[in-house]
S.K.: 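Take a look at the following structure, please.
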Amino acid sequence: MKKLILSAAILLGGLSMQAGVIDMKNTITQSVNIQDEYKEVDAVPAAIKTALDNAYPGVKLDKAYVNEKKEYKIEITVRGEKSTVYTDATGNIIKK
């Protein structure tokens, strides 16, 4: 009987060690949207229109936006599918 009680005490003691307090720091992760502010424009340079026509035959420009770096965010429709393309002022397509 003593061995049974002693075994139970050791077992419970071992389990209580694993259930101890875990030191966790409250870490707050703040998500910051690092996206340049784009403003809508009515027209885009001819170089951009030409580059889009060459890259996407039958493209239709829906909306265009520009940021301070003169990068353009252009919403287009090609064969019924809408997409967004980023270009610089000379028509080079930017990967974002």
Side-chain angles (χ1 to χ4, degrees):
M1 187 70 165
K2 288 182 185 180
K3 289 182 182 180
L4 181 61
I5 293 173
L6 184 59
S7 296
I10 291 173
L11 181 63
L12 290 175
L15 292 176
S16 67
M17 294 291 283
Q18 292 178 359
V21 176
I22 299 172
D23 185 23
M24 294 186 68
K25 296 179 182 177
N26 289 335
T27 305
I28 298 174
T29 305
Q30 184 176 3
S31 176
V32 178
N33 189 3
I34 306 176
Q35 182 179 2
D36 296 326
E37 197 66 33
Y38 286 92
K39 295 180 183 172
E40 190 169 359
V41 292
D42 294 328
V44 295
I48 293 176
K49 288 181 182 179
T50 303
L52 289 175
D53 284 336
N54 292 338
Y56 308 102
V59 68
K60 177 186 171 214
L61 278 73
D62 298 326
K63 289 185 180 181
Y65 305 89
V66 66
N67 65 8
E68 291 177 358
K69 298 181 201 175
K70 299 295 181 194
E71 294 175 337
Y72 288 82
K73 173 183 171 184
I74 303 172
E75 295 177 2
I76 61 173
T77 303
V78 180
R79 289 179 240 123
E81 291 188 33
K82 293 185 181 269
S83 184
T84 301
V85 178
Y86 295 89
T87 68
D88 61 10
T90 59
N92 297 320
I93 296 175
I94 301 170
K95 303 279 184 188
K96 284 205 177 192

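If you're wondering where the values come from, they're calculated on a predicted model, not measured in any experiment.
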S.K.: In this structure, are over 12 heavy atoms from other groups packed under 6.0 Å from E40 atom CD?
M.R.: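 Counting neighbours around CD of E40, more than 12 heavy atoms of other residues, nucleotides or ligands fall under 6.0 Å, so yes.
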S.K.: Work out which heavy atom in V44 is nearest to a heavy atom in A64; give both atom names and the distance.
M.R.: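 In this case the closest contact between V44 and A64 is CG1-CB, 3.4 Å.
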S.K.: In Å and rounded to the nearest 0.5 Å, what is the CG to CD distance from N67 to E37?
M.R.: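 CD of E37 is found 9.5 Å from CG of N67.
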S.K.: Considering non-hydrogen atoms only, spot the tightest contact between A47 and A89 and give its length.
M.R.: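 In this case the closest contact between A47 and A89 is CB-O, 4.2 Å.
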S.K.: Are I76 and V66 grouped together when hydrophobic residues (ILVMFWY) are joined by side-chain heavy atoms under 4.5 angstrom apart?
M.R.: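 Same hydrophobic cluster.
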S.K.: Measure across A51 and G91 and return the closest heavy-atom pair with its distance rounded to 0.1 Å.
M.R.: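 Shortest heavy-atom contact: CB-O, 3.2 Å.
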S.K.: Rounded to the nearest 0.5 Å, how far apart are OG1 of T77 and CG of D62?
M.R.: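 Answer for the OG1-CG pair, T77 versus D62, is 3.5 Å.
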S.K.: Between Y56 and V85, is a side chain to side chain contact (heavy atoms under 4.5 Å, CB included) present by the stated rule, with each step listed?
M.R.: CA-CA 11 Å; Y56 308 102; V85 178; 4.0 Å; yes
S.K.: Please report the interatomic distance CD1(I74) to NZ(K49), rounded to the nearest 0.5 Å.
M.R.: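 These two atoms lie 10.0 Å from each other.
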S.K.: Distance to the ring centre below 6.0 angstrom and angle to the axis at most 45 degrees; does that hold for K73 and Y86?
M.R.: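 No cation-pi geometry.
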S.K.: Does one hydrophobic cluster hold both I94 and L61, with members joined at side-chain heavy-atom distances below 4.5 Å?
M.R.: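 The answer is no; the residues belong to distinct hydrophobic clusters.
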S.K.: Hey, any chance Y65 and I93 share a hydrophobic cluster, counting ILVMFWY side chains that come within less than 4.5 Å of each other, even indirectly?
M.R.: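 In one cluster: no.
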S.K.: Calculate, to the nearest 0.5 Å, the distance between atoms CZ and NZ belonging to R79 and K60 respectively.
M.R.: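 It comes to 15.5 Å.
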S.K.: Mind checking the OG1-OH spacing from T87 to Y72? Nearest 0.5 Å is all I need.
M.R.: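 Result: 7.5 Å between the selected atoms.
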S.K.: Could you tell me the separation between the OG1 atom of T84 and the CD atom of E75, rounded to the nearest 0.5 Å?
M.R.: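 If we round to the nearest 0.5 Å, T84:OG1 and E75:CD are 5.0 Å apart.
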